[in-house]
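The structure under discussion is supplied below as structure tokens; questions concerning it will follow.
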Amino acid sequence: MKLFREKKMGLPIDRVCFYHGEKIKTNAFLIRFYRCHMKYDQLFSGWLISKDYNYTLYNYLTKTEEELFHDFKSNYRNEIRRVAKEEYKIDWFDSQSLLDNEQYLTEFEKLHAQMLIDKNKTELVRNYNHMQVMKFIEQDSFILTRAEAPNSGVVYHAYLCDGKTAILQHSCSDFREGTVNRTSAGRLNKFLHWEDMRHFKQLGYQIYDWGNTFDKGPEYSNGIDKFKAGFGGESVKLVSAFKANSLIGIAVVFARNMGGKYEK
């Protein structure tokens with residue numbers, strides 16, 4: 001389990017990640033259980049709870065590399081093999097290396113924001129929480145990967161991790177720049193996902209979590225979901241919950257359950 005203290009409206013919230021049924025003692029006014037296994041669903045019941053469900057895709061890193069790679073769509077495998085024969089550079093930044101040098105985190109954040117602006121999703125720029133990311137880093141729970149190749153630009157992937165599961169949080173690239181070949185950038189992005197899986201597997205991780213899909217599948221209507229599904233992962237249902245731990249927390253839970261909106 002990983003617990004991260006956040007603040008909303010000046011009040012403390014504890015975000016619980018990688019939950020495995022542990023008892024939690026906290027003075028936070030609200031507890032946020034983030035993307036839990038469905039076997040804990042019954043624990044999140046009663047009038048102090050507001051919960052929701054979502055789907056993601058899991059690639060199980062307990063498989064052999066050959067099995068993992070075979071699960072990919074054939075054109076994905078061909079594109080990855082093509083990049084492997086070309087000139088490229090891949091960097092892996094764990095939390096400590098990001099604390100020692102924020103250069104690449106800064107580059108990633110600028111590139112991520114610019115990508116959203118270019119896609120006319122400026123409202124999502126505000127949703128990126130630098131302070132939250134820094135808390136992940138401070139607890140050795142954040143990994144940033146980077147790939148660069150001639151004519152393919154730069155690709156970044158950001159993960160929330162606990163040593164067993166790596167959850168994809170953000171992905172961005174600069175293929176929208178005029179000097180970058182968009183097709184080549186797409187291949188580089190697929191290649192980086194594969195190299196990330198291999199690296200996590202070598203470190204003993206068991207699950208590569210694609211960080212939510214819009215629906216269950218297997219037939220996806222959303223382009224991003226179709227991209228993720230091309231890597232052959234299994235659709236998995238997860239539960240998230242808010243648990244009130246104060247009078248204010250009760251009011252928030254009540255508002256959510258009555259159809260009110262609360263920022264996740």
Side-chain angles (χ1 to χ4, degrees), residues 56-61 63 65-95 97-98 101 103-116 118-119 128 133 136-137 141-161 165-177 179-203 205-213 223-233:
T56 187
L57 287 162
Y58 278 2
N59 284 89
Y60 292 101
L61 304 182
K63 293 183 177 183
E65 285 193 12
E66 291 75 14
E67 290 170 333
L68 281 169
F69 195 63
H70 183 266
D71 288 340
F72 296 0
K73 289 172 61 176
S74 60
N75 63 308
Y76 282 29
R77 297 196 299 268
N78 291 335
E79 291 182 44
I80 289 168
R81 292 190 187 104
R82 177 171 175 175
V83 176
K85 296 177 181 179
E86 300 172 351
E87 182 183 349
Y88 67 86
K89 179 184 179 184
I90 289 182
D91 293 298
W92 177 279
F93 306 103
D94 61 17
S95 293
S97 62
L98 292 172
N101 184 352
Q103 172 189 348
Y104 290 106
L105 180 63
T106 300
E107 182 186 61
F108 154 71
E109 291 180 334
K110 289 181 178 179
L111 186 58
H112 181 259
Q114 188 59 52
M115 184 189 72
L116 293 175
D118 291 344
K119 294 174 70 175
Y128 179 84
V133 168
F136 294 161
I137 291 173
S141 301
F142 189 81
I143 287 175
L144 188 66
T145 65
R146 182 183 188 273
E148 184 174 8
N151 302 318
S152 302
V154 175
V155 176
Y156 273 103
H157 296 159
Y159 299 91
L160 177 62
C161 309
T165 300
I167 306 172
L168 181 66
Q169 298 282 288
H170 306 284
S171 176
C172 63
S173 66
D174 68 350
F175 65 77
R176 290 166 185 81
E177 293 291 334
T179 59
V180 175
N181 183 286
R182 180 168 183 156
T183 301
S184 297
R187 288 197 294 266
L188 185 64
N189 186 33
K190 295 182 182 73
F191 182 72
L192 182 58
H193 278 297
W194 170 232
E195 288 299 305
D196 290 348
M197 287 185 194
R198 294 181 65 208
H199 199 152
F200 280 121
K201 178 177 174 59
Q202 292 167 7
L203 292 175
Y205 279 71
Q206 299 173 8
I207 295 172
Y208 186 93
D209 180 339
W210 283 89
N212 291 359
T213 55
I224 295 176
D225 289 352
K226 288 181 179 179
F227 171 80
K228 295 176 179 180
F231 289 86

If you look at every heavy atom in I90 and E195, which pair is closest and at what distance?
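Answer, listing the atom of I90 first, then E195: CD1-CG, 3.4 Å.
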Rounded at 0.5 Å granularity, tell me how far CG in D196 sits from OH in Y205.
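Rounded to the nearest 0.5 Å, the CG-OH separation comes to 11.5 Å.
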Assign the ring pair F227 / Y76 to parallel, tilted or perpendicular, where the plane angle (0 to 90°) is split at 30° and 60°.
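Correct class here is tilted.
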CD/E148 to OG/S173 distance, rounded to the nearest 0.5 angstrom?
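Reported value, rounded in 0.5 Å steps: 12.5 Å.
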Under the criterion side chain to side chain contact (heavy atoms under 4.5 Å, CB included), I'd like the reasoning laid out for K89 against D91: C-alpha separation, chi angles, the key distance, then a yes or no.
CA-CA 7 Å; K89 179 184 179 184; D91 293 298; 3.4 Å; yes
Atom pair CZ (R182) and OG (S152), whose distance is rounded to the nearest 0.5 Å
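So the CZ of R182 and the OG of S152 are separated by 13.5 Å.
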Are side-chain heavy atoms of Y159 and T145 found at a separation under 4.5 Å?
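They are in side-chain contact.
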If you take all heavy atoms of T56 and G211, which pair is closest and at what distance?
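Nearest pair, atom of T56 first, then G211: OG1-N, 3.2 Å.
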What closest approach, in Å, do S171 and M115 show between heavy atoms, and which atom pair accounts for it?
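Result for this residue pair: O-CE, 3.5 Å.
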Hey, what's the ring geometry for H112 with Y128, parallel, tilted or perpendicular (30° and 60° as the breaks)?
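Tilted.
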Roughly how far, to the nearest 0.5 Å, is the CZ atom of F231 from the CG atom of N59?
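Atom-to-atom, N59:CG and F231:CZ are 8.5 Å apart.
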Shortest non-hydrogen contact from S141 toward S95:
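So the two residues come closest at N-OG, 3.3 Å.
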Quick test of your reading of the model: are K201 and E65 salt-bridged, counting only N-O distances below 4.0 Å?
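Answer for the salt bridge query: no.
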Verify ring-ring contact (aromatic ring centres under 6.0 Å, His included) between F200 and W92, making sure each step is shown before the conclusion.
CA-CA 11 Å; F200 280 121; W92 177 279; 4.9 Å; yes
Side chain to side chain contact (heavy atoms under 4.5 Å, CB included) assessment of N101 paired with F93
CA-CA 10 Å; N101 184 352; F93 306 103; over 6 Å; no
In chain order, what residues pass the side chain to side chain contact (heavy atoms under 4.5 Å, CB included) check against R81, with sequence neighbours excluded?
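With sequence neighbours excluded, R81 shows a side chain to side chain contact (heavy atoms under 4.5 Å, CB included) to F69, R77, N78, given in chain and number order.
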Residues which pass side chain to side chain contact (heavy atoms under 4.5 Å, CB included) with T165, listed by chain and number, not counting sequence neighbours:
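Here the qualifying residues are F18, D162, I167, I207, D209.
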Between atom CZ of R187 and atom CD1 of I80, what is the distance when rounded to the nearest 0.5 Å?
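One finds 11.5 Å between CZ of R187 and CD1 of I80.
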Please round to the nearest 0.5 Å and tell me the distance separating atom CZ of F142 and atom CD1 of I137.
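So the gap between those two atoms works out to 5.5 Å.
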What I'd like to find out is whether the side chain of F108 reaches to under 4.5 Å of the side chain of H170, using heavy atoms alone.
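Side chain of F108 against side chain of H170, heavy atoms only: contact under 4.5 Å found.
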Ignoring hydrogens and geometry, is there a side-chain-to-backbone donor-acceptor pair from N151 to S184 under 3.5 Å?
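It does not hold such a pair.
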Tell me whether the rings of H193 and W210 are parallel (<30°), tilted (30 to 60°) or perpendicular (>60°).
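H193 vs W210 ring planes: tilted.
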Could you check, using the six-membered ring where one of them is a Trp, whether Y104 and Y156 have ring centers closer than 6.0 angstrom?
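No - the distance between ring centres of Y104 and Y156 does not fall below the 6.0 Å cut-off.
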More than 12 heavy atoms of other residues, nucleotides or ligands under 6.0 Å from CD of Q202: is that the case?
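Yes, the 6.0 Å shell around CD holds more than 12 heavy atoms from other groups.
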All salt bridge (Lys or Arg N to Asp or Glu O under 4.0 Å) counterparts of R82, not counting sequence neighbours:
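Expected list: E86.
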Any donor-acceptor pair under 3.5 Å from K228 side chain to N212 backbone
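Answer holds: yes.
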How far apart are the closest heavy atoms of D94 and I143, and which atoms are they?
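In terms of heavy atoms, the two residues are closest at CA-CG1, 4.2 Å.
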